[in-house]
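Order of appearance sets the numbers: ligands from 1, and atoms from 1 within every ligand.
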Amino acid sequence: MRSYSLIAPAKINLYLEIIGDRPDGYHELVMILQSIDLADQIEIHSISDETIRVHCEHPQVPTDKSNLVYRAAELMAKKFPAALAKYGGVDITVDKHIPVAAGLAGGSTNAAAVLVGMDLLWNLGLTQSELEELGATLGSDIPFCIAGGTVIATGRGEQLSPLPSLDHIYIVLAKYRSLEVSTAWAYKTYRQQFGSSYLQDTNDLAARAAAVHSSAMVKAILEQDAAEISQKLHNDLERVVLTAYPQVLQLRELFAHQEGVLGTMMSGSGPSVFAICASQPQAEQVKLRIREAIPDEDLELFVTRTTGKGIQVNVDG
Ligand code: C5P
């Protein structure tokens with residue numbers, strides 16, 4: 001086939017704990033990542049000249065090398081020059097629905113879709129773990145975005161251990177359109193403020209990472225207990241982002257006091273905040289009440305739900 005259409009879902013962090021520094025300058029993390037059905041659509045087709053073209057109508061999304069989509073295509077072209085010569089370059093269109101710079105892995109999931117799409121387009125036959133390895137060189141969240149579902153992620157976030165998928169948990173998601181938080185800033189500020197408490201010893205780091213498997217959150221996930229999962233939500237980065245961004249703190253508190261909300265947390269490095277609800281009608285009610293409380297058009301609100309899938313080929317596309 002000369003073209004593919006792919007669905008690229010966003011993620012939320014049910015759990016994010018920063019446990020130490022890494023020699024590569026990143027952080028050792030323990031996370032539980034969850035795909036949601038809020039997704040972008042990526043169209044990718046072969047072009048005769050050996051170039052990469054990226055299109056996106058969203059005003060906040062660049063189409064040059066600063067976009068991970070471009071860098072993913074460039075990586076594939078570099079790794080597989082024979083395929084580039086045989087099949088030509090690629091033209092990629094991103095239909096953006098996931099809020100940008102939101103802590104929802106929007107850029108990472110787009111790049112993941114490009115890796116999956118170019119593997120198909122160029123008949124490379126790469127395995128999922130080969131694709132994940134390539135993805136990890138571009139961004140820590142990309143391996144998860146390829147795999148999707150409900151996953152424990154450790155190391156830089158690229159070491160994945162799948163959990164049974166948590167389907168049909170309803171979520172209200174909120175993000176101020178004009179508010180962007182730099183992930184690098186959030187981690188750097190956290191290190192400045194709390195770095196003195198990081199674990200230093202390699203054995204201690206390994207033990208802490210392993211402990212997540214027997215944690216209350218994993219037990220709640222295994223039991224598909226939405227109320228218990230909601231009680232165990234955790235994100236260390238809230239400690240820096242909620243302090244620096246009062247609007248996000250306000251949103252977080254507003255969610256916490258809504259009837260029908262089982263639990264609420266910021267996702268990733270923010271500034272998006274999500275709330276878990278017991279049912280779709282309750283999620284719709286919560287969304288309405290948040291809209292009434294904050295009639296600001298800059299605030300984007302979505303009702304979405306958990307999904308067990310990562311990047312998918314859109315057969316209707
Ligand atoms: O890997 P990715 O490019 O998505 O990470 C963005 C930034 O977040 C990194 O440049 C780094 O500053 C920070 N980060 C970190 N530790 C991680 C993942 C990300 O410090 N495990």
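- Using modelled atom types and a 3.5 Å distance limit, the side chains of Tyr87 and Asn123 yield a donor-acceptor pair.
- Side-chain polar atoms of His27 and Tyr198 form a donor-acceptor pair below 3.5 angstrom.
- Panel note: side chain Thr264, backbone Phe274; a donor-acceptor pair is recorded below 3.5 Å.
- Taking the six-membered ring where tryptophan is involved, the planes of Tyr245 and Trp185 are perpendicular, since the angle between them exceeds 60° and thus also 30°.
- The immediate protein surroundings of ligand 1, defined as residues with any heavy atom under 4.0 Å of it, consist of Tyr26, His27, Leu29, Gly139, Ser140, Arg156, Thr183, Ala184, Tyr187.
- Of the possible donor and acceptor atoms, none in the side chain of Gln41 sits under 3.5 Å from a partner among the backbone N and O of Thr93.
- A donor-acceptor pair shorter than 3.5 Å cannot be found between the side chains of Asn235 and Asn13.
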